[in-house]
Amino acid sequence: MGAFIDSLKTSAKIGADEVKKSMRVSQLQTEISQLEKKQTEIYASIGKLAVESEGLEKFGDIGTELAGLEEETAAKRAELSGMKTPADGSAACGDGFCKNCGTKYTEGTKFCSSCGAKLT
């Protein structure tokens, strides 16, 4: 009977060790994912700084593609802004829509909560 109990204890210890290892693997995968996300955000910030400093032309085809995407985005925002009208009559209460992205804002708001543009 003692050998059986010892066998159960050994199995339980191995099982607990495997659970701990599995939990650590999961934790490390999450931490790696978070670090990689932060790295991507920093690369994006560096890229924006480089474009602001050097201009899109310096980046060849990639810069041309980005310029085209920016133009397309601006056109779609303008279209969206033209389509958004307050259906509930709230404009009479001082609400409005951001001219940059079309997001609705409340009277007294100074900057758009969506794109950060200054509201007039």
Side-chain angles (χ1 to χ4, degrees):
M1 184 80 156
F4 176 72
I5 291 177
D6 288 342
S7 175
L8 284 177
K9 287 180 182 179
T10 302
S11 294
K13 183 177 179 346
I14 291 171
D17 289 345
E18 288 298 315
V19 168
K20 285 179 185 177
K21 181 180 176 183
S22 177
M23 289 174 58
R24 182 63 180 151
V25 166
S26 180
Q27 180 184 17
L28 287 170
Q29 288 172 330
T30 299
E31 290 172 2
I32 290 168
S33 178
Q34 290 171 344
L35 290 168
E36 288 174 339
K37 181 180 177 191
K38 185 66 176 171
Q39 289 172 2
T40 299
E41 291 170 358
I42 290 171
Y43 274 118
S45 295
I46 290 170
K48 284 183 177 184
L49 291 172
V51 167
E52 289 171 2
S53 173
E54 302 294 328
L56 285 174
E57 310 80 39
K58 180 166 178 142
F59 298 95
D61 291 342
I62 295 171
T64 302
E65 182 179 3
L66 180 57
L69 290 170
E70 287 175 345
E71 289 176 15
E72 187 177 351
T73 301
K76 291 188 183 297
R77 281 189 174 146
E79 181 183 356
L80 179 63
S81 180
M83 295 175 74
K84 286 190 173 183
T85 56
D88 60 0
S90 61
C93 300
D95 290 355
F97 294 88
C98 175
K99 291 181 176 149
N100 187 50
C101 71
T103 299
K104 186 176 180 179
Y105 66 87
T106 305
E107 180 180 9
T109 305
K110 302 215 185 262
F111 296 94
C112 178
S113 63
S114 181
C115 71
K118 186 173 182 178
L119 302 171
T120 55

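The model shown is predicted, which means the values in this text are computed figures rather than measured ones.
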Query raised in the report: Can you tell me how far the CD atom of Q39 sits from the CD1 atom of I46, to the nearest 0.5 Å?
Result: 10.5 Å

Report task. Report the hydrophobic cluster partners of I14, with the cluster defined as I, L, V, M, F, W, Y residues connected by side-chain heavy atoms closer than 4.5 angstrom, directly or transitively. Result -> none

Query raised in the report: For the residue pair T106 and T109, what are the closest heavy atoms and their distance?
Result: O-OG1, 2.6 Å

Report task. Please collect all salt bridge (Lys or Arg N to Asp or Glu O under 4.0 Å) contacts where either partner lies in residues 44-62, sequence neighbours excluded, each pair once. Result -> E54-K58

Report summary line: Residues at least two apart in sequence or cross-chain that pass side-chain contact (heavy atoms from CB on, under 4.5 Å) with T64, listed by chain then number, are none

Query - Partners meeting side chain to side chain donor-acceptor pair (under 3.5 Å) with K110 (sequence neighbours left out) - result: none

Query - Residues clustering with L66 (ILVMFWY side chains joined when closer than 4.5 Å, directly or via others) - result: V51, L56, F59

Requested in this report: Look at atom CD of E70 and say whether more than 12 heavy atoms of other residues, nucleotides or ligands are closer to it than 6.0 Å.
Outcome: yes

List the atom pairs, donor and acceptor, that lie under 3.5 Å between side-chain atoms in residues 15-36 and the rest of the protein, sequence neighbours left out.
unit_1 : atom_1 : unit_2 : atom_2 : d
D17    : OD2    : K13    : NZ     : 3.1
R24    : NH1    : Q27    : OE1    : 3.0
Q27    : NE2    : E31    : OE2    : 3.3
T30    : OG1    : S26    : O      : 3.1

**Report entry** Steps toward side chain to side chain contact (heavy atoms under 4.5 Å, CB included) verdict (C98, S114)
**Finding:** CA-CA 9 Å; C98 175; S114 181; over 6 Å; no

Query raised in the report: When you look at L80 and C101, which way does the side chain to side chain contact (heavy atoms under 4.5 Å, CB included) test go after all the steps?
Result: CA-CA 7 Å; L80 179 63; C101 71; over 6 Å; no

Query - Spatial distance of atom OH (Y105) from atom SG (C112) [nearest 0.5 Å] - result: 9.5 Å

